[in-house]
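In what follows, every chain begins at residue 1, and chains take the letters A, B, ... in the order their sequences are listed. Below, each value reflects all heavy atoms present in this structure, side chains not excepted, and no hydrogens, waters or symmetry copies.
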Protein chains: 4
Amino acid sequence: MGRQPPLAGRDDPRLQERYEQLLTAAAEEFATRGYHQTTVKDIVERAGVATGTFYLYFANKEQSCAALIERLYGRVLAEVVAARAGKRTKLDKLAASIRAALQVFGAHRNLAHIALVRAPGAHPLFDELLARIHRELWDLVAEDIAEAIAEGLLPPQRADLSARALIGALYEVVISWLQAEVPARLEEAVEPLVAFCLRGLGAAWPPPR
Amino acid sequence: MGRQPPLAGRDDPRLQERYEQLLTAAAEEFATRGYHQTTVKDIVERAGVATGTFYLYFANKEQSCAALIERLYGRVLAEVVAARAGKRTKLDKLAASIRAALQVFGAHRNLAHIALVRAPGAHPLFDELLARIHRELWDLVAEDIAEAIAEGLLPPQRADLSARALIGALYEVVISWLQAEVPARLEEAVEPLVAFCLRGLGAAWPPPR
Amino acid sequence: MGRQPPLAGRDDPRLQERYEQLLTAAAEEFATRGYHQTTVKDIVERAGVATGTFYLYFANKEQSCAALIERLYGRVLAEVVAARAGKRTKLDKLAASIRAALQVFGAHRNLAHIALVRAPGAHPLFDELLARIHRELWDLVAEDIAEAIAEGLLPPQRADLSARALIGALYEVVISWLQAEVPARLEEAVEPLVAFCLRGLGAAWPPPR
Amino acid sequence: MGRQPPLAGRDDPRLQERYEQLLTAAAEEFATRGYHQTTVKDIVERAGVATGTFYLYFANKEQSCAALIERLYGRVLAEVVAARAGKRTKLDKLAASIRAALQVFGAHRNLAHIALVRAPGAHPLFDELLARIHRELWDLVAEDIAEAIAEGLLPPQRADLSARALIGALYEVVISWLQAEVPARLEEAVEPLVAFCLRGLGAAWPPPR
DNA sequence: TATGAATGAGCGTTCATTCAT
DNA sequence: CATGAATGAACGCTCATTCAT
């Protein structure tokens, strides 16, 4: 517990590759079987390495899963930030954020499955990590909403609750895609979801020209 | 796996009470520690009975958790059905459904925590059970939406996706209450959430008199 | 352990009947499932009484099985003694003993199954009990053989080993009947076995008139 | 139940040695305490390894015992086949078979104790396994007897019953040696038993020159 | 670096036995 | 006498983690 794995943060590309190989194997196993149903043996067998090798790259099983969660949300945040950059109004920024998040979830099915379904509730560490990430997302969205209200773009409302509702709508659509294949391709959900969320906030959507 | 536990579903009120006592203890433990972090020993110690007693009332650990999930959704469905009975329009029915569901979740914090956070992904049995329940809820809501569209109360949209978005918004608000105490009391979220969802569907809300 | 069951040795025929009922149920269960695969619950369910009732008649599970073994060998010994009474030569006594033993085993299939297959090796108490009984039988047979040798009816041989071989031949035929239904009816084995054993001892058999 | 243990049947002599070490410990415990009285903990403590190690070599407790039974009868059959090879008449083959079997039982006291006393009736798997082995032995012996009858070496008789009686005589002598030390050394029983069995079949024994 | 055999704490579950009613 | 719910010690087995090679 707490000991750094010996090979974390080395530069050797051979080690980087092996790390990715293990992380990919872990993602596949966690996503398909669930965190507690996956054994370290499952992961190393899929990766084609020995058990001990796993512990050269991860302090323990839970850290490997936490790394997957962080990787996903790192990308989500990066894409969200990038997508918002070009937008002028708060409403456009919100719409762009939703589109960007869905795009990343859609591009990383296994990671999405882990972060949205497999990890929550599975380990105190994940709950803590996810709580921190969610708070960040909520704050971002809630701030946008609060400012849009101030600008008169949205009617008065509790921004904190609306932000959570918005994120919940987004999550559930991703989960539905993961578990029930509704919709078959996640892109189909993008504009319907943007419309649902922005209307839900009280915006006129699609925006009147 | 296997046969019925001998004392499940007997009429004797003494046994009923014991069963409730165990179920309550299980709910508290599962909700606070998570399914896999909870041992049968934790449950029976909280209930103040011996290990063997647990197995007089439940076939095994997972069945006890499944019973909690079923109990929660049984109540949700019952309250939703009851609340809709008096309503005339589809939109009123949807609003009433949301209010009823939130009321039940709010009245059963531990069960909500288990069903929305602890159980999903923790065991194949739970995933199966929750999938069945969610499909039922989705169908209900999607049908309402489809009919409201047909009646011109809502603009054209993919009812299946909107239904999932609506449920996701609701779930996330409950989870937010469970984990971050936002809002402090779940009732505070009721009207904001109803507004978010019905506006999200494209309804004029609050309804013009 | 060691405490007398409260109802042992009472005269009330109602109690006797219940005791028989339990013993019969125990015999059926032990014979068909084996000693360790049989639970006290299995026995009382077959007997149609409550668990506690079992302990009114038996000190514990193993005593109930020991009682069955003792009952079987009690009958075997009684029949053997009775059958020998009318015989003149040692060889006739031996033949009569084998016939009597087979008759009792054939008449108490379940008890035979328990005493010959289920109990040996299943519990120290049974091993002890069976050892005592076997020693008694061996001594009886070995004595007959020794005397027959002394009388010149049999050639010189180690009576102790011959006695064991004789009993083993008998047991195995019974076991074969129990487990493989060879022969279909145990009576078919009687004269072949008598011939095998007496010839094995070195007697001219069937006896020259 | 389930899959192969990971380290069963590897070529590495280190692993072979471990396997033997565990098997020997298991044989000692099963032989002295009985199958159900022996815990896996007993075995690993005697072997001086950890609990988990046991499950690297055996799928479960019952498979370890089955392996012992199979090992014993594998050797019995091999020795019997080898001993018969040089013999000409059927009667010589039978006598050689008995001698070979006794020699193997005598050389593997613990395994004999398990196969003849501890395992029968202890687990359905063992009963099945032993039934298969016994049928093989019976068939072998019965065939010899039938052919000897056809060749006029033995009088007419039911070969199936005689075969069982012969095997029973042999088993009981071994059991007597195991449990009562009669005879003190199993070799002492060899010729008396051969004589008993062949005479029992109706042969003139010892064979007239 | 990589290996994989070894570890052992810990868990779910069973069942012989008891005792209040 | 009879009941059967309650008990709790004990067992088989798993799997995250270690470390000698």
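Rounded to an integer number of Å, the gap from Leu22(A) CG to dA2(E) P is 10 Å. Following rounding to the nearest Å, Gln21(B) (CD) and dA6(F) (P) show an atom-to-atom distance of 9 Å. Rounded to whole angstrom, the span from the NZ atom of Lys61(B) across to the P atom of dT13(E) amounts to 8 Å. In this structure, the OH atom of Tyr57(A) is 7 Å from the P atom of dT1(E), given to the nearest Å. For Asn60(A) and dT18(F), the CG to C1' distance is 13 Å, given to the nearest whole Å. Rounded to whole Å, atom P of dA5(F) lies 16 Å from atom OH of Tyr19(B). Counting to the nearest Å, the C1' atom of dA2(E) and the CZ atom of Arg14(A) are 13 Å from each other.
Phosphate proximity of dG4(F) to Tyr55(C): absent, as no side-chain N or O sits under 4.0 Å from OP1 or OP2.
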### For DNA chain F, the dot-bracket pattern of Watson-Crick and G-U pairs whose distances stay under 3.5 Å, | for other-strand partners
.||||||||||||||||||||
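Listed by chain and number, the residues in a side-chain contact (heavy atoms from CB on, under 4.5 Å) with Ala27(A) are Leu68(A), Asn110(A), Leu111(A), Ile114(A) (sequence neighbours excluded). By the ring pair (Phe, Tyr, Trp, His ring centres under 6.0 Å) test, His108(D) pairs with no residue at all, sequence neighbours left out. When the salt bridge (charged side-chain N to carboxylate O under 4.0 Å, His left out) test is applied to Glu20(A), the partners found at least two apart in sequence or on another chain are Arg71(A). For Glu28(D), the side chain to side chain donor-acceptor pair (under 3.5 Å) partners at least two apart in sequence or on another chain are Arg46(D). With sequence neighbours excluded, the residues satisfying side-chain contact (heavy atoms from CB on, under 4.5 Å) with Asp42(D) are Glu29(D), Arg33(D), Thr38(D), Thr39(D). Evaluation of the salt bridge (charged side-chain N to carboxylate O under 4.0 Å, His left out) rule for Glu70(C) yields no partner, not counting sequence neighbours. Qualifying ring pair (Phe, Tyr, Trp, His ring centres under 6.0 Å) partners for Phe54(D), counting only residues two or more places apart in sequence or in other chains: Phe58(D).
Against DNA chain E, the stretch residues 25-43 of chain D makes no heavy-atom approach under 4.0 Å. Proximity of residues 44-54 of chain A to DNA chain E (heavy atom under 4.0 angstrom from any strand atom) is restricted to Val49(A), Ala50(A), Thr51(A), Gly52(A), Thr53(A).
If you check every strand for non-hydrogen atoms under 4.0 Å, Phe58(D) touches nothing. In this structure, Arg18(C) reaches the sugar-phosphate backbone alone: every heavy-atom distance under 4.0 Å involves primed, P, OP1 or OP2 atoms, never a base. Heavy atoms of Arg10(D) sit under 4.0 angstrom from primed sugar atoms or phosphate atoms, though from no base atom.
Of all the heavy atoms in Ala119(D) and Ile69(D), the pair that sits closest is CB-CD1, 3.6 Å. The two residues Ala47(B) and Leu22(B) have their closest heavy-atom pair at CB-CD2, 3.9 Å.
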Going by atom type alone, with no hydrogens or angles, which donor-acceptor pairs under 3.5 Å involve a side-chain atom of residues 11-19 of chain D and a protein atom two or more places apart or on another chain?
unit_1: Asp12(D); atom_1: OD1; unit_2: Arg14(D); atom_2: N; d: 2.7
unit_1: Gln16(D); atom_1: NE2; unit_2: Arg10(D); atom_2: O; d: 2.9
unit_1: Arg18(D); atom_1: NE; unit_2: Gln21(D); atom_2: OE1; d: 3.0

Going by atom type alone, with no hydrogens or angles, which donor-acceptor pairs under 3.5 Å involve a side-chain atom of residues 120-130 of chain A and a protein atom two or more places apart or on another chain?
unit_1: His123(A); atom_1: ND1; unit_2: Leu125(A); atom_2: N; d: 3.0
unit_1: Asp127(A); atom_1: OD1; unit_2: Gly121(A); atom_2: N; d: 2.9
unit_1: Asp127(A); atom_1: OD2; unit_2: Arg118(B); atom_2: NH1; d: 3.0

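Relative to the six-membered ring of Tyr35(C), Lys61(C) meets both conditions, a distance below 6.0 Å and an angle of at most 45° to the axis.
DNA chain E is contacted by both Asp12(A) and Leu15(D); Asp12(A) maps to the nucleotide lying nearer its 5′ end (nearest heavy atom per residue).
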